[in-house]
Amino acid sequence: MTTLHSALVSVYDEVVERNPGEPEFQQAVAEVFESLAPVVDKHPEYADGAIVQRLVEPERQIIFRVPWVDDAGGVRLNRGFRVQFNSTLGPYKGGLRFHPSVNLSIIKFLGFEQTFKNALTGMPIGGGKGGADFDPKGKSDAEVMRFCQSYMTELSRHIGEYTDVPAGDIGVGGRELGYLFGQYKRLTNRYESGVLTGKGIGWGGSLVRTEATGYGTVFFVDEMLRRHGETLEGKRIIVSGSGNVARYAIEKAHQLGATVVACSDSGGYVVDEAGIDLELLTEIKERRRGRVADYAAEKGGAVRHIVGGQIWDVPCAIALPCATQNELDERGAAALIRTGVRIVAEGANMPTTPGGIAALRAGGVLFAPGKAVNAGGVATSALEMQQNASRDSWSFDYTEERLADIMRGIHDRVLETADTYGVPDDYVAGANIAGVTQVADAMLALGVI
Ligand code: NDP
């Protein structure tokens with residue numbers, strides 16, 4: 001970690017002491033604090049209001065038992081979480097993650113990041129995150145349904161369109177959101193569309209929400225390039241992951257004239273020099289719930305599947321980490337720099353380790369953080385909430401244009417903030433400072449609550 005402003009050292013030490021065994025949460029706090037020196041100097045009122053201390057303490061943390069019955073009649077048990085981090089700007093808003101690695105540290109890091117990301121969108125949404133250590137992989141649809149119903153039976157007490165509005169994340173896609181919404185509707189006897197976002201188009205969802213995080217990521221990169229008088233046309237890109245964010249990043253990159261030559265999952269990565277065939281990838285991942293290895297097997301020829309190793313060894317001009325936290329470290333950064341990467345933009349949440357970020361920046365790579373780059377997903381969730389509230393539904397083109405506008409706005413605001421605070425061109429500091437100051441100013445206005 002780089003040196004923190006003296007006023008933040010004791011706050012950070014207290015975060016470590018009060019949140020033991022939570023490395024991801026501590027890492028997320030450290031990364032934000034590293035940007036805050038100019039903020040502390042410019043805003044003594046934040047210290048008087050103990051704003052930073054309050055920002056790192058979630059408003060509410062809910063941990064609960066999720067029992068469910070498998071297809072063989074056996075009783076299974078998982079642990080569920082919802083961390084309602086900060087509701088200063090609006091109802092808590094943030095996704096649910098179902099993955100065996102989920103624990104309190106991961107949900108708190110995601111909720112903390114979400115608070116500032118949501119502020120950056122300019123929409124009236126607070127920050128929260130939730131999930132469970134349940135693994136949907138290898139489970140039947142009926143098992144996933146029973147798990148979702150049990151999870152929602154407890155979660156329903158804590159959410160609502162004016163309170164807390166969850167959405168999807170890793171392991172929670174259209175199928176899971178359907179089961180979750182169905183159980184909420186049954187328990188409450190209310191058709192409260194605005195309680196969840198990422199819903200299906202036929203039952204209250206918004207067009208473009210499914211695509212939004214991946215599309216938004218590429219719109220952001222497009223803005224980064226435009227600032228340097230370039231476009232995506234002809235650029236060679238690699239995208240880690242092959243889930244929701246990765247697939248729609250690939251789609252938009254191809255639409256804008258780039259070629260995505262590699263993608264991955266937790267079993268390895270594929271290289272397809274002709275450009276990833278998105279139709280086949282989606283068929284395998286979404287409909288067959290298969291692996292990228294199946295993609296290589298089906299394509300044959302020159303398409304390679306590499307087990308283990310790191311996707312960052314594939315030469316590219318632009319790398320988009322779109323899988324999971326801490327997937328790109330110093331070794332990955334070194335490989336990217338060696339083969340001439342120019343831009344790394346995070347589609348996932350905190351995919352680059354602090355050492356990875358430092359190495360990329362030292363290597364002259366333009367680096368943009370997830371809380372700005374992937375904010376298009378939650379921004380479109382807020383558009384879904386607007387449509388639900390007005391019982392309206394917008395066209396694909398109109399909604400996509402709104403998303404593109406929002407991403408341009410975030411990009412410009414991040415750079416303007418970086419300028420104002422004396423750290424020009426620093427996307428990390430600009431995003432952290434813009435997000436934090438917006439929440440902090442509103443917290444001061446609302447008093448000590
Ligand atoms: P999905 O579940 O759809 O896809 C996740 C992808 O990442 C899969 O390809 C998965 O591979 C891979 N992956 C997960 N864990 C690991 C791991 N430990 N090592 C290697 N690969 C891994 O999730 P999303 O696409 O929705 O989310 C991806 C990232 O984007 C997350 O960080 C999420 O928080 C973030 N994000 C998502 C948003 C959204 O709207 N969905 C919004 C903003 C951020 P495998 O199938 O093998 O597990």
Side-chain angles (χ1 to χ4, degrees), residues 24 28 93-102 106-107 109-114 117-118 120-121 127 129-131 134-138 166-177 196-198 205-206 208-217 220 239-251 262-270 276 281-282 284-286 288-295 307-312 320-329 332 345-352 369-384 403 407:
E24 294 85 2
K93 182 90 199 83
L96 300 174
R97 177 177 292 191
F98 292 168
H99 192 271
S101 64
V102 162
I106 287 181
I107 298 300
F109 117 64
L110 289 164
F112 181 71
E113 287 279 296
Q114 192 84 45
K117 175 191 311 190
N118 293 3
L120 280 176
T121 67
K129 200 81 188 189
F134 171 77
D135 189 356
K137 273 200 213 101
D169 189 75
I170 291 180
V172 179
R175 173 181 62 169
E176 290 77 13
L177 285 165
L196 288 179
T197 60
S206 170
V208 190
R209 174 60 189 91
T210 306
E211 296 85 353
T213 309
Y215 277 20
T217 295
F220 195 95
V239 173
S240 68
S242 48
N244 171 274
V245 179
R247 288 203 305 274
Y248 290 104
I250 294 171
E251 181 166 272
C263 68
S264 65
D265 59 24
S266 51
Y269 64 92
V270 285
I276 297 291
L281 183 68
T282 303
I284 289 169
K285 298 295 291 189
E286 188 71 6
R288 294 190 222 156
R289 299 198 183 273
R291 320 290 302 152
V292 294
D294 304 331
Y295 175 95
V307 181
Q310 50 170 11
I311 191 172
W312 319 119
L320 305 178
C322 293
T324 194
Q325 65 274 355
N326 292 329
E327 53 168 318
L328 170 52
D329 59 11
E346 298 184 324
N349 284 314
M350 209 168 76
T352 319
K371 66 171 74 64
V373 174
N374 70 33
V378 74
T380 309
S381 276
L383 300 180
E384 183 174 332
L403 168 64
M407 295 316 298

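Atoms within a ligand are numbered from 1 in the order they appear, just like the ligands themselves.
In terms of protein heavy-atom proximity, atom 48 (O) of ligand 1 is nearest to Lys137 NZ, 2.9 Å. If you check which protein heavy atom lies closest to atom 4 (O) of ligand 1, you get Gly243 CA, 3.2 Å. Of all protein heavy atoms, the one closest to atom 32 (O) of ligand 1 is Asn349 N, 3.1 Å. For atom 18 (N) of ligand 1, the closest non-hydrogen atom on the protein side is Thr324 CG2, 3.6 Å.
Atoms of ligand 1 lying under 4.0 Å from at least one heavy atom of Arg97, given by number and element, are 31 (C), 32 (O), 33 (C), 34 (O). In summary, the atoms of ligand 1 found under 4.0 Å from a heavy atom of Arg291, numbered by their order in the structure, are 45 (P), 46 (O), 47 (O). Of all the atoms in ligand 1, the ones that sit under 4.0 Å from a non-hydrogen atom of Ser266 are 11 (O), 19 (N), 20 (C), 21 (N), 45 (P), 47 (O), 48 (O). For ligand 1, the atoms closer than 4.0 angstrom to any heavy atom of Ser242 are 9 (O). Of all atoms in ligand 1, listed by their number and element, those nearer than 4.0 Å to a heavy atom of Cys322 are 28 (C), 29 (C). Of all atoms in ligand 1, numbered sequentially from 1 with element shown, those under 4.0 Å from a heavy atom of Ala348 are 29 (C), 30 (O), 32 (O), 35 (C).
Minimum interatomic distance between Tyr295 and Val270 (heavy atoms only, all atoms of both residues): CD2-CG2, 4.2 Å. Residues Ser264 and Ser242 approach most closely at O-OG, 2.9 Å, considering heavy atoms. Closest approach of Ile106 to Ser101, counting heavy atoms only: CD1-O, 3.4 Å. The minimum heavy-atom distance linking Ala348 with Asn374 is given by the pair O-ND2, 3.0 Å. Residues Ala323 and Ile170 come closest through the heavy atom pair O-CD1, 3.5 Å. Contact between Ala212 and Gly376 at its shortest, heavy atoms only, is CB-O, 3.5 Å.
Tested against Asn349, the residues Glu113, Lys117, Gln325 include a single side chain to side chain donor-acceptor pair (under 3.5 Å) partner, Lys117.
Looking at heavy atoms from C-beta onward, Tyr269 lies out of side-chain contact with Ser240 at the 4.5 angstrom threshold. Between Thr197 and Lys93, some side-chain heavy-atom pair lies under the 4.5 Å cut-off. At a threshold of 4.5 Å between non-hydrogen side-chain atoms, the residues Arg291 and Lys285 count as touching. In this structure, the side chains of Gln114 and Asp169 stay at 4.5 Å or more apart for every pair of heavy atoms. Phe112 is not listed as a side-chain neighbour of Lys371, based on a closest heavy-atom distance of 4.5 Å or more.
In this structure, of Thr213, Thr197, Ile170, the residue bringing a heavy atom nearest to atom 42 (C) of ligand 1 is Thr213. Among Gly173, Ala323, Gly241, Pro136, the residue whose heavy atom lies nearest to atom 28 (C) of ligand 1 is Ala323. With distances taken over non-hydrogen atoms, the option nearest atom 24 (P) of ligand 1 out of Ile311, Val378, Val245 is Val245.
Protein heavy atoms are absent from the 4.0 Å sphere centred on atom 10 (C) of ligand 1.
Considering backbone and side-chain N/O atoms, Asp169 comes within less than 3.5 Å of an N/O atom of ligand 1. Considering backbone and side-chain N/O atoms, Gln325 never comes within less than 3.5 Å of an N/O atom of ligand 1. The distance criterion of under 3.5 Å between nitrogen or oxygen atoms is not met by Gly377 with respect to ligand 1. At least one N or O atom of Arg209 sits closer than 3.5 Å to an N or O atom of ligand 1. At least one N/O-N/O distance between Gly171 and ligand 1 falls below 3.5 Å. Among the atoms of Asn244, some N or O lies under 3.5 angstrom from an N or O of ligand 1. Annotation: Asn374 places no N or O atom under 3.5 Å from an N or O atom of ligand 1; distance criterion only.
Contact annotation: for Glu327 versus ligand 1, there are no heavy atoms closer than 4.0 Å.
Checked by atom type and distance alone, the side chain of Glu176 pairs as donor or acceptor with a backbone atom of Gly173 at under 3.5 Å.
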